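Small disclaimer: the values here were computed from a predicted structure and weren't measured. Both backbone and side-chain heavy atoms feed into the values below; hydrogens, waters and symmetry mates do not.
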Amino acid sequence: ISNLTLRHLPAKLINGGIAGIVGVTCVFPIDLAKTRLQNQRQGQQVYKSMMDCLIKTVRSEGYFGMYRGAAVNLTLVTPEKAIKLAANDLFRHHLAKDGKGLTVFKEMMAGCGAGMCQVIVTTPMEMLKIQLQDAGRLAQQQKPVMMSPTKLVATNTMLSRSYNSCTVVSAPRAVSATQIAKELFQTQGIQGLYKGLGATLMRDVPFSIVYFPLFANLNRLGQSNPGESSPFYWAFLSGCVAGSTAAVAVNPCDVVKTRLQSLNKGSSEEAYNGVVDCVSKIMRKEGPSAFLKGAGCRALVIAPLFGIAQVMYFVGVGEYIVDNSPLNLLSA
């Protein structure tokens, strides 16, 4: 790794982190709507659309109900975005060693590497976030449920393996991400937190393969001269377009990942044994259109997130902080 790459790394990590925090704060309610819409089964629709989901969430859980699970995201989005952006830059730097520009294939390879690196943080983060986001949907769905005692006993036995037994009749008790993580770790070990790792790789690797080359090429269109950087607004728009395109392209994998990572199920919602089982059951019971559930929400979440990330890079917030940090001033 060259000194140049290492010198830029702290700045890239800061840029990625700030972008993640700003982005998550702006779009988290839409992400919550996406998770709840993806987890709905046919005949049990609590929400009709994204707006309907957000209105019902505010009515039943208050304004902060829309931010359930945001703390997990805000804590882990910094390392996640930082790893993704820094890994992509690192791979691009190594693949461009011959001094020539990167081919689209090499750009895709760099994106693939970045996607594989980020799942270390993404999988447990999404796992915990989904439990907290989906709790309100389960509570809404179970309000009118009346069950026979025998059915109730059977259901409770089945759900007691989950972190919140008796989910079917009582509204979920407020659990924190720390509690869920602790109980998962105690009962299933580290693999409990990495449930859905295969589906996360299936989503994030193709996402990065589409996003990074698409962004690089769109951004190049805004450059007046090859050596210059594109204008500020162009970097933002390129990030938005590339992000939303990649998000919609991998949405089927996101639906599978959400279903696999949801520990608590509604009264008649079935469990899945891995990716193949999940895909075949969704296909059989809900049809191909189910794989596009929450696609609009996901495009709305990802577009500003990556647009903001590219703006942070463009403005050079991280570089400014690093250049003016006490350590750097002392070494100068």
Side-chain angles (χ1 to χ4, degrees), residues 20 24 28 31-32 34-36 38-41 67-81 83-84 115-139 141-142 154-168 170-205 207 250 253-282 294:
V24 166
F28 195 83
D31 189 60
L32 177 121
K34 177 208 71 117
T35 299
R36 292 187 178 184
Q38 285 181 342
N39 260 335
Q40 286 192 138
R41 312 297 200 268
Y67 281 89
R68 272 193 176 193
V72 184
N73 242 32
L74 289 169
T75 310
L76 295 176
V77 78
T78 305
E80 188 225 18
K81 284 279 165 290
I83 288 169
K84 188 188 190 106
M116 288 178 90
C117 290
Q118 79 171 81
V119 294
I120 300 162
V121 178
T122 311
T123 310
M125 174 180 86
E126 295 266 324
M127 179 77 189
L128 298 172
K129 182 193 77 172
I130 285 169
Q131 312 318 316
L132 297 164
Q133 284 183 330
D134 205 37
R137 179 189 69 91
L138 292 167
Q141 194 180 300
Q142 286 137 21
T155 318
N156 278 349
T157 316
M158 186 182 74
L159 284 167
S160 61
R161 276 166 283 164
S162 187
Y163 71 83
N164 185 16
S165 59
C166 313
T167 327
V168 178
S170 58
R173 58 190 167 93
V175 283
S176 69
T178 322
Q179 275 174 280
I180 302 168
K182 210 165 126 189
E183 287 188 36
L184 273 171
F185 192 72
Q186 281 168 354
T187 55
Q188 298 171 38
I190 195 81
Q191 69 257 43
L193 288 169
Y194 280 87
K195 193 182 178 187
L197 176 66
T200 309
L201 275 166
M202 260 172 58
R203 181 195 69 170
D204 290 345
V205 172
F207 179 92
V250 300
C253 302
D254 193 51
V255 172
V256 172
K257 186 192 75 63
T258 302
R259 295 277 179 99
L260 285 172
Q261 288 187 322
S262 297
L263 295 173
N264 283 346
K265 309 282 182 200
S267 51
S268 58
E269 290 172 6
E270 61 193 328
Y272 305 102
N273 301 313
V275 175
V276 179
D277 181 53
C278 184
V279 171
S280 62
K281 280 181 180 170
I282 293 172

If you take all heavy atoms of Thr75 and Ala71, which pair is closest and at what distance? OG1-O, 2.6 Å
Between Gln131 (side chain) and Met127 (backbone), is there a donor-acceptor pair under 3.5 Å? yes
Quick one: do Asp204 and Lys84 make a salt bridge, cutoff under 4.0 Å? no
Find the distance between NZ (Lys257) and CD (Glu126) and round it off to the nearest 0.5 Å. 3.5 Å
Return the minimal non-hydrogen interatomic distance between Pro124 and Val119, and the atom names on each side. CD-O, 4.1 Å
Taking the side chain as every heavy atom from C-beta outward, state whether Thr122 and Ile83 have any atom pair closer than 4.5 Å. no
Show your working on side-chain contact (heavy atoms from CB on, under 4.5 Å) between Met202 and Val250 and close with a plain yes or no. CA-CA 8 Å; Met202 260 172 58; Val250 300; over 6 Å; no
So, do Glu270 and Arg259 sit near enough that their side-chain heavy atoms are less than 4.5 Å apart? no
To the nearest 0.5 Å, what is the distance between OG1 (Thr178) and CD (Glu183)? 11.5 Å
Quick one: does any side-chain atom of Arg41 pair with a main-chain N or O of Asn39 as donor and acceptor, under 3.5 Å? yes
Tell me if a side-chain donor or acceptor on Lys281 pairs with a main-chain N or O of Ala271 at a distance below 3.5 Å. yes
Between Cys278 and Val256, the two heavy atoms sitting closest are SG-CG1, 3.9 Å
Report, one line per pair, each donor and acceptor closer than 3.5 Å where one atom sits in a side chain of residues 194-201; sequence neighbours left out.
| unit_1 | atom_1 | unit_2 | atom_2 | d |
| --- | --- | --- | --- | --- |
| Tyr194 | OH | Ile120 | O | 2.6 |
| Thr200 | OG1 | Gly196 | O | 2.7 |

Closest non-hydrogen atom pair between Leu132 and Ala177, with its separation: CD1-CB, 3.9 Å
Nearest atoms (heavy-atom pairs only) where Val72 meets Lys129: CG1-N, 4.5 Å
Closest approach of Arg68 and Gly136, non-hydrogen atoms and distance? NH1-N, 3.4 Å
Heavy-atom side-chain contact between Leu263 and Ile130 under 4.5 Å: no
With the side chain counted from C-beta on, respond yes when Gln133 and Asp31 share a heavy-atom pair under 4.5 Å apart, and no when they do not. yes
So how far is it from Leu138 CG to Arg36 CZ, rounded to the nearest 0.5 Å? 8.5 Å
CE on Met125 to CG on Leu74, rounded to 0.5 Å: 10.0 Å
Hey, mind stepping through Arg137 and Thr35 against side-chain contact (heavy atoms from CB on, under 4.5 Å) and telling me if it holds? CA-CA 10 Å; Arg137 179 189 69 91; Thr35 299; over 6 Å; no
CG of Asp134 to CD of Gln40: how many Å apart, nearest 0.5 Å? 9.5 Å
Distance in Å, Lys182 NZ paired with Thr187 OG1, rounded so as to fall on 0.5 Å steps: 12.5 Å
Quick one: are Tyr272 and Ile282 in side-chain contact, heavy atoms under 4.5 Å? yes
